[in-house]
Amino acid sequence: MRILFIASSRIGDAVISSGAMERIRHDHPGARLTVACGAASAGVFARLPGLERLIIFEKQRQDRHWLSLWSRLVRDRWEVVVDFRGSALAYTLRAGRRIVVRGGRRPGRRYRQIGASCGFDPAPLPVVWTAPQDRAIAAGLLPEGAPVLGLGPTANWDGKIWPAERFVALARALDYRRIAVFGGPGEAEAARAAPVLAALPGAIDLVGRVSVVEAAACLARCALFVGNDSGLMHLAAAAGTPTLGLFGRSRASEYAPAGRCAGFVAAPGLEGEAPMEGLSVESVIAAARELAARVGTA
């Protein structure tokens with residue numbers, strides 16, 4: 001039995017779809033799984049149990065990437081084809097069942113939209129898949145000891161980024177003995193995280209130093225994560241870490257972190273258009289402390 005998932009090329013969207021994927025996997029024990037996705041999100045699925053093939057495909061001119069992907073899939077017969085990208089590809093493959101998640105903007109949490117498309121009520125929360133070697137690396141980077149505050153001061157574009165000096169003020173106010181700063185690979189991510197790391201010289205620098213699955217394992221060892229709307233924010237929530245997402249130029253009503261203990265705080269103004277500079281340090285401190293108190297009560 002084979003199941004095909006056509007997944008997002010973005011880490012955050014890939015993580016959001018993971019809960020539905022996990023439910024489908026459990027509903028078809030022993031199935032051989034194929035995931036087609038972009039290179040950036042491939043790490044999300046690297047430890048997916050039952051994974052037989054991981055197909056990387058990137059956007060090409062005139063949508064030729066879809067034809068290329070079709071040529072790699074058309075010879076097989078699939079028990080289930082799940083297309084999280086809302087393309088027509090699922091309808092061109094031999095399949096017992098097809099699930100095509102409609103794209104585009106619409107009201108409601110994205111993970112719930114995906115769950116409903118797959119026939120799940122309530123929608124399953126996102127998950128992360130890690131292996132013992134990933135967790136061992138995380139234990140070496142963040143060994144047992146004082147609680148760790150995770151910070152995610154980067155994002156894929158500057159409009160979603162809370163000012164670096166406010167992350168520093170937040171970290172000092174929360175007064176954790178250990179702080180870990182997370183970020184993706186590349187010079188742009190390093191540059192965005194650099195002011196925070198410079199102002200917090202004792203912080204553990206994990207910016208571009210760990211893979212996606214290793215980052216997930218590290219996030220799972222944090223007592224609290226506070227970060228911009230990003231793939232790391234979604235990864236932290238899926239890992240079960242108490243997660244506070246910061247929103248301004250993106251919509252929390254759609255993309256707030258989904259997890260066992262997750263929340264958000266948004267800049268004042270029209271949703272999706274409010275500048276991050278309007279989000280005060282005081283409001284984030286209050287939201288972080290409230291989230292931490294919820295965890296303590298639980």
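Numbers here simply count residues along the sequence, with the first being 1. Values reported hereafter were calculated over all heavy atoms of this structure, with side chains retained and with hydrogens, waters and symmetry mates removed.
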- request: State which residue, out of V101, D83, V100, fulfils the side-chain contact (heavy atoms from CB on, under 4.5 Å) condition with I6.
  value: D83
task: Using a cut-off of 6.0 Å, state whether more than 12 heavy atoms not belonging to W157 lie near its atom CH2.
output: yes
- request: Could you tell me whether R94 and D76 make a salt bridge, using a distance below 4.0 angstrom between a side-chain N and a carboxylate O?
  value: no
field: Pair E271-S253, side-chain donor/acceptor within less than 3.5 Å
entry: yes
field: Gap between atom CG of L125 and atom CD of E22 - 0.5 Å precision
entry: 12.0 Å
query: Can you list the steps and then say if W66 with R85 is a side-chain contact (heavy atoms from CB on, under 4.5 Å)?
result: CA-CA 11 Å; W66 291 115; R85 297 176 65 157; 4.0 Å; yes
- request: Kindly give the heavy-atom pair with the smallest separation between P195 and V168, and that separation in Å.
  value: O-CG2, 4.5 Å
query: Would you say the side chains of E277 and W162 form a donor-acceptor pair under 3.5 Å?
result: no
query: How are the rings of F84 and F5 set to each other: parallel, tilted or perpendicular (split at 30° and 60°)?
result: parallel
query: Below 4.5 Å, heavy atoms only, C-beta onward: do V80 and L4 meet side chain to side chain?
result: no
For S71 against V74, the heavy-atom pair lying closest together: O-CG1, 4.1 Å
query: Would the number of heavy atoms belonging to other residues, nucleotides or ligands and lying under 6.0 Å from CZ of R10 be above 12?
result: no
query: In terms of the angle between their ring planes, are H65 and F57 parallel, tilted or perpendicular, with boundaries placed at 30° and 60°?
result: parallel
- prompt: After noting the C-alpha distance and the side-chain angles of S283 and S280, does the key distance pass the side-chain hydrogen bond (donor to acceptor under 3.5 Å, both in side chains) rule?
  reply: CA-CA 5 Å; S283 63; S280 70; 3.1 Å; yes
message: Assigning hydrophobic clusters by single linkage (Ile, Leu, Val, Met, Phe, Trp, Tyr; side-chain heavy-atom cutoff under 4.5 Å), is I161 placed with F247?
response: no
- prompt: Side chains of R135 and T130: donor-acceptor distance under 3.5 Å anywhere?
  reply: yes
query: Same hydrophobic cluster for F264 and L291, using side-chain heavy-atom links shorter than 4.5 Å among ILVMFWY?
result: no
- prompt: Under 4.0 Å between a Lys/Arg side-chain N and an Asp/Glu carboxylate O for R106 and E254?
  reply: no
